[in-house]
Novice: 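Have a look at this one before I ask anything.
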Amino acid sequence: HDMDRRDYTDRVLSSLRRVTEKEREAIRSELDGHIEDHMEALRELGYDEELAEERAIAAMGEPDEVGRELNRQYTGWGWVLVSRAAVVLTVVLLFSLPLWKLPQDAMGGEPFTPQHRSFPELLKITGVPEVLVCFLCYCALESTAGMWASSYCTLVRGLDAQTAASWASLFYLGITAGRFVSGFLTMKMSDRNMIRLGQVLIALGILLVLLPAGNNVLFVGLILIGLGCAPVYPCIIHETPVNFGRELSMSMTGLQMAFAYVGSCLAPPLFGLLAQNVTPRLYPWYLAVGLVVMVIMSESLHAKKAAEHR
C-alpha cells in the first residue's frame with residue numbers, strides 16, 4: 001500500500017464530475033487537512049512519518065468510495081448557474097438605475113414632502129389600526145403555514161419526513177408562482193380585489209387541508225394556500241399611498257413592515273406551544289383564525305376608506 005497523500009486525493013478527485021475548479025481545490029485541502037490531523041495524532045503516539053501517513057490514509061477509507069459519496073453531494077451546475085444569473089441581474093439593475101423615476105415624477109410631477117409622525121399620531125388616522133392588524137395576521141399566517149407544513153404532514157397525516165419536507169416546499173412554490181402571475185393580474189385588477197382573490201384562495205387551501213380526504217387533496221391545499229398568500233403582501237404595500245396619502249406613505253410603509261415582522265416572529269413559536277401542549281391538528285384552524293381576522297380588518301379598512309372618499 002504505497003499510496004501517498006497526493007495519490008490518495010488525486011484518486012478521490014478523479015471521481016468528481018460536477019464540481020468547479022475552486023470546489024475541487026477546496027475538497028483537496030479539506031482531505032489533506034484530515035490526513036494531516038490523523039498523522040499528527042499518530043506521530044504523537046510514536047509512529048514514524050511513513051507509517052503514520054500509511055495508517056492515516058487507510059483510516060480515510062477507499063478513495064473511489066469516498067469520491068463516489070462526494071459526487072452525490074455535489075448535485076450539479078444548478079447553483080453555479082443561479083449564482084452567475086444573480087451577478088448578471090445585479091449588473092443589469094445597476095445600469096438601469098438612471099431609468100427609474102423618482103416618486104414625484106411617477107406621480108404626475110407634483111412634488112411632495114414626506115411627513116414623519118409618531119406611532120400614536122399615526123394610530124389616530126382612519127384605517128391605520130386595521131391595516132396594521134391585517135398585515136400582522138397575514139405575516140403570521142404565511143410564516144406559520146410555511147414553517148409548520150412539514151410537521152403537520154408527518155405528525156398528523158403520517159407522511160415520511162422526506163416527502164413531508166418536499167410537500168412543505170410546495171407552499172413556497174405556490175407563493176413564487178403566485179407572485180409571478182399576480183404581477184400581470186394587477187394590470188387588470190385593483191389592489192382591493194387582488195387581496196380578496198388571495199384570501200379566497202387561502203380559504204380554499206385551508207378547507208382542502210382540513211378535509212379528511214386523501215393526501216392528494218392535502219397536496220393541492222398547500223399549493224393553494226401559497227398561491228393565495230402571493231398577492232396580499234405586495235398589494236397592501238402598493239395601496240398605501242392611496243389609503244393614507246403620499247406624504248404619509250413612507251412612515252406607513254415602515255410601520256406596516258414592523259408589524260409584519262412582529263407577526264412573522266411571534267406566530268410560529270406560539271403555534272409550536274399549541275402543537276406541543278394541545279395537538280398539531282390545530283394547524284389549519286390556527287391558519288383559519290389568522291385569515292378570518294385578516295379578512296375582517298382588510299374589509300373594514302376598505303369600507304372606511306371608501307366612505308372617506310365619498
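These numbers come from a predicted model, not from an experiment.
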Novice: Using modelled atom types and a 3.5 Å cut-off, is there a donor and acceptor pairing between side-chain atoms of T9 and backbone atoms of R5?
Specialist: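 Indeed, once roles are kept as given, a pair shorter than 3.5 Å links the two residues.
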Novice: Given side chains that start at C-beta, do those of L122 and I125 come closer than 4.5 Å, heavy atoms only?
Specialist: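 Result yes, sub-4.5 Å side-chain heavy-atom pair found.
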Novice: Can you name the residues that form a side chain to side chain donor-acceptor pair (under 3.5 Å) with T144, not counting sequence neighbours?
Specialist: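 Result, side chain to side chain donor-acceptor pair (under 3.5 Å) vs T144: none returned.
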Novice: Going by heavy atoms in the side chains, are L70 and S15 under 4.5 Å from each other?
Specialist: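 Not in contact.
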Novice: Say whether, by atom type as modelled, one donor and one acceptor occur between the side chain of D4 and the main chain of D7 under 3.5 angstrom.
Specialist: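 Between the backbone of D7 and the side chain of D4 there is a qualifying donor-acceptor contact (under 3.5 Å).
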Novice: Tell me whether K304 contacts the main-chain N or O of G127 through its side chain, where contact means a donor paired with an acceptor under 3.5 Å.
Specialist: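 Not a single qualifying donor-acceptor pair exists.
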Novice: Going by the rule side chain to side chain contact (heavy atoms under 4.5 Å, CB included), which residues pair with C137 if we only count those two or more places apart in sequence or in a different chain?
Specialist: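 If we apply the side chain to side chain contact (heavy atoms under 4.5 Å, CB included) test to C137, skipping adjacent residues, the hits are V133, V293, M294.
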Novice: Can you list, by chain and residue number, the hydrophobic cluster partners of Y47 when the side-chain cut-off is 4.5 Å?
Specialist: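 Joined to Y47, directly or through intermediates: L42, L45, L51.
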Novice: Side chains of S251 and R117: donor-acceptor distance under 3.5 Å anywhere?
Specialist: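 Distance-only check fails for S251 and R117.
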Novice: Which pair of heavy atoms, one from L13 and one from R24, lies closest together, and at what distance?
Specialist: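 Taking every non-hydrogen atom into account, O-NH1, 2.9 Å.
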Novice: Taking salt bridge (charged side-chain N to carboxylate O under 4.0 Å, His left out) as the test, write out the residues that go with E62, two or more places apart.
Specialist: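 So E62 forms a salt bridge (charged side-chain N to carboxylate O under 4.0 Å, His left out) with R11.
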Novice: Hydrophobic cluster mates of F95, side-chain heavy atoms under 4.5 angstrom, ILVMFWY only, any path?
Specialist: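 Via sub-4.5 Å side-chain contacts, F95 links to V91.
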Novice: Report yes if the side chains of L136 and L132 come closer than 4.5 Å at any heavy-atom pair, otherwise no.
Specialist: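 No - every pair of side-chain heavy atoms lies 4.5 Å or more apart.
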Novice: Applying ring-ring contact (aromatic ring centres under 6.0 Å, His included), name anything that partners Y286, two or more places apart in sequence or on another chain.
Specialist: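 With neighbours one apart ignored, the set is F271.
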Novice: For R68, what residues pass the side chain to side chain contact (heavy atoms under 4.5 Å, CB included) criterion, not counting sequence neighbours?
Specialist: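 Listed in chain order: D64, E65.
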Novice: Test: salt bridge (Lys or Arg N to Asp or Glu O under 4.0 Å). Region: residues 277-303. Which pairs qualify, not counting sequence neighbours?
Specialist: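 The answer is R192-E299, R196-E299.
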Novice: In Å, rounded to the nearest 0.5 Å, how long is the span from CG of L185 to OG of S190?
Specialist: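 L185 atom CG to S190 atom OG measures 11.5 Å (nearest 0.5 Å).
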Novice: Checking Y233 side chain against F135 main chain: does a donor-acceptor pair fall under 3.5 Å?
Specialist: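 No, because the side chain of Y233 does not come within donor-acceptor range (under 3.5 Å) of the backbone of F135.
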Novice: With sequence neighbours left out, write down each residue that passes side chain to side chain donor-acceptor pair (under 3.5 Å) with E121, or none if nothing qualifies.
Specialist: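 Side chain to side chain donor-acceptor pair (under 3.5 Å) list for E121, sorted by chain: S118.
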Novice: Which residue pairs pass the salt bridge (Lys or Arg N to Asp or Glu O under 4.0 Å) test when at least one of the two sits in residues 283-296, sequence neighbours left out?
Specialist: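 For residues 283-296, and leaving out neighbouring residues, there are no salt bridge (Lys or Arg N to Asp or Glu O under 4.0 Å) pairs at all.
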Novice: Got a sec, which residues hit side chain to side chain contact (heavy atoms under 4.5 Å, CB included) with P129, two or more places apart in sequence or on another chain?
Specialist: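 Checked P129 against side chain to side chain contact (heavy atoms under 4.5 Å, CB included); matches are L123.
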Novice: The criterion is side chain to side chain contact (heavy atoms under 4.5 Å, CB included); which residues satisfy it with D160, sequence neighbours excluded?
Specialist: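 For D160 the side chain to side chain contact (heavy atoms under 4.5 Å, CB included) partners, ignoring immediate neighbours, are Q162, T163.
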Novice: When you compare the side chain of V131 with that of M297, does any pair of heavy atoms fall below 4.5 Å?
Specialist: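 In short, these two side chains do not touch, never coming nearer than 4.5 Å.
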